Amino acid sequence: MTSDGPTQDGSRELAELATSYGLRPLGERDKLSTYTRELWRRRAFVWTLASSRAYSRNQNNYLGQLWSVLNPLLLAIVYYLVFGVLLSTTAGVDNFAGFLVIGIFIFTFIGSSLQAGANSVLSNTGLVRALKFPRAVLPLSVTLAELVTLLPALGVMVVIVLFTGEPLSWQWLTLIPAVLLTQIFTSGASFILARVVVSARDLRNLIPVAIRLLRYVSGVFYSIATYVDEGVLGAIMYYQPVAVYLNLVRSALLEQFDADLTLWIAGVAWAFVLLVVGYVVFWKAEERYGRD
Amino acid sequence: MTEENAAIDDLDDAEDGIDDTGPRPVAADERRPSLIADDVHVKYRVFGGKRRAHTEPGGRLRRAFNRSQRHVGAVTEVHAVKGVSFVAHHGESIGIVGRNGAGKSTLLRALAGLIPTASGKVYVDGTSSLLGVNAALMSSLTGERNIMIGGLALGLTPQQVRDRMDSVVEFAGIGDFVDLPMSAYSSGMSARLRFAISTAAVPDVLMIDEALATGDAEFRARSQKKIEEIRGQAGTVFLVSHSAATIQRMCDRTLWLDEGRLVMDGPSDEVISAYKAAVRKRSGRR
């Protein structure tokens with residue numbers, strides 16, 4: 001009871017004491033510029049966390065890091081058997097094996113990034129409650145870990161595409177900006193998803209459902225241009241971000257596909273708009289992470 | 001019930017007495033405050049469980065409904081800290097005692113700025129941090145890798161971590177094991193490594209939550225030295241422990257929490273003996 005009584009007066013007195021000695025109040029969100037500077041200062045932490053996470057994933061078995069190549073390879077074989085041989089969704093695609101491998105690898109990367117990004121704060125509550133750092137580190141590092149995991153898979157992907165008879169050309173270099181844009185997009189989307197999942201954690205259960213839906217509408221194992229008519233629906237399906245990034249990567253490696261300027265603009269726009277909006281949205285709730 | 005209230009009233013008197021004799025420092029006191037807690041309240045939500053009502057009234061239908069509420073939409077708000085105010089000074093070591101669930105750990109996390117306060121404010125001079133990088137460490141990675149992760153998590157630069165690597169390994173006393181994954185460590189070794197990493201960066205205000213319970217006697221002595229070192233650098237140390245003896249040995253001031261409220265705040269000897277008396281009284285009654 002005593003603690004409730006005198007606090008009204010004590011409050012002002014203590015606040016004055018704090019200011020007279022230059023003590024800072026805790027739990028106030030930094031300004032966006034300060035926050036960004038602090039995040040930049042922690043870039044080594046983001047990177048170490050990401051690479052360690054990616055590395056520790058394959059550490060506890062005999063083949064170790066070899067699995068980061070074997071896994072995507074086996075996955076590609078399974079999908080080729082199902083969609084190339086059994087179901088045959090190959091219409092309108094010259095090099096279906098190459099088309100499919102790119103679709104599977106890049107979509108798996110996007111899907112697991114979004115999944116990990118959405119859970120990044122909630123599944124690291126322990127870390128949030130133990131240490132002080134800009135929480136934006138978490139979505140950034142888990143999506144970066146997915147990128148690190150993707151790198152060996154990208155190597156496999158390039159080799160498979162070469163085997164399917166695609167000629168090597170300068171065009172292949174656009175693979176780098178295409179993947180980087182995809183990474184920026186998933187980071188931005190993860191900021192938004194992470195905040196949404198923290199404030200309404202039940203939505204966490206809907207994320208896999210949404211990713212499953214994306215997998216089927218984004219032209220992972222069929223060509224959108226062949227199966228969907230022109231018009232509004234076609235444009236939406238073609239210019240939604242996941243389809244854009246799949247097509248950008250395909251245009252880099254496959255001779256049949258070419259990315260026009262509109263596609264690149266769409267790719268850049270999705271990536272940076274989501275990154276900026278997501279970053280601000282995430283920062284707005286900074287002081288609330290770790291409450292539950 | 002009345003007995004308990006009486007006991008607490010007695011202690012409240014004791015607290016008032018301390019307040020009167022030792023005037024709250026404003027400007028005349030030469031001791032500089034390092035942390036001020038001002039009417040701190042902490043609430044948090046718990047998912048997946050609900051407290052049962054003591055009696056479940058109504059018919060069978062009502063009971064069935066109440067029961068289903070424990071499984072769907074089961075969210076409980078826990079008011080863990082209810083209005084705690086105190087002023088901590090540079091060079092002080094402060095123990096926090098109380099029963100299980102008294103809000104000690106929650107208060108500590110709020111003081112470190114890791115759990116937002118529901119109302120009230122915490123003011124800190126410099127940086128405050130909770131001792132414990134456990135959450136950042138990954139058991140499948142080597143000790144060396146974990147020292148890097150932990151150090152970066154504490155806000156050091158990669159270069160600073162590399163500079164301190166040897167002293168951390170030496171302080172933890174793990175020797176060659178630093179190149180093996182932490183999952184291969186004995187529990188004592190990993191506890192020592194965790195503590196060593198945690199103290200690689202020295203904050204102005206350090207919070208320790210039962211961290212010293214593990215480790216052998218030699219290590220306990222070394223940790224005590226580390227705490228003295230932090231106090232020597234004009235830092236403030238908070239220590240939460242179930243062991244009243246530990247607190248009496250390491251802290252010169254003690255806060256006693258009960259059900260989220262500050263029961264008593266004063267020199268360790270006085271508070272600990274009052275706390276022990278209350279515990280005896282409570283267990284004696286049972």
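Computed from a predicted structure; not experimentally measured. Proteins get letters first, then strands, A, B, ... in listed order; numbering begins at 1 in each.
- The closest donor-acceptor contact from the side chain of B:K104 to the backbone of B:L257 lies at 3.5 Å or more, if one exists at all.
- By the neighbour-count criterion of 12 heavy atoms within 6.0 Å, atom CZ of B:F177 is sparsely surrounded, having that number or fewer from other residues, nucleotides or ligands.
- Judged purely by atom type and a 3.5 angstrom limit, A:W283 has no side-chain atom pairing as donor or acceptor with the backbone of A:R29.
- For A:R43, no part sits under 4.5 Å from any heavy atom of chain B, backbone or side chain.
- Taking every heavy atom of both residues into account, B:L180 and B:Y185 meet most closely at O-OH, 3.5 Å.
- Contact detail for A:S120 and A:A194: the closest heavy-atom pair is OG-CB, 3.8 Å.
- Interface remark: B:P33 contributes backbone and side-chain atoms alike to the contact with chain A (heavy atom separation under 4.5 Å).
- Within the 4.5 angstrom heavy-atom criterion, only backbone atoms of B:L111 (N, CA, C, O) approach chain A.
- In terms of non-hydrogen atom pairs under 4.5 Å with chain A, the most contact-rich of B:G155, B:G113, B:P181, B:S183 is B:G155.
- Proximity to chain B is absent for every atom of A:S141, based on heavy atoms less than 4.5 angstrom apart.
- Under the 3.5 Å distance criterion, the side-chain polar atoms of B:N146 are matched with a main-chain donor or acceptor of B:M138.
- Heavy atoms closer than 4.5 Å to chain B are found in the side chain of A:R41, but not in its backbone.
- Looking at B:S34, only its backbone comes within 4.5 Å of chain A, counting heavy atoms on both sides.
- The residue among B:G120, B:P158, B:A112 with the most heavy atom pairs within less than 4.5 Å of chain A is B:A112.
- Within the 4.5 angstrom heavy-atom criterion, only side-chain atoms of A:R42, from C-beta onward, approach chain B.
- Counting heavy-atom pairs closer than 4.5 Å to chain A, the top-ranked of the candidates B:V124, B:I36, B:D125 is B:V124.
- A:S123 places a side-chain N or O within donor-acceptor distance of the main-chain N or O of A:N119, the cut-off being under 3.5 Å.
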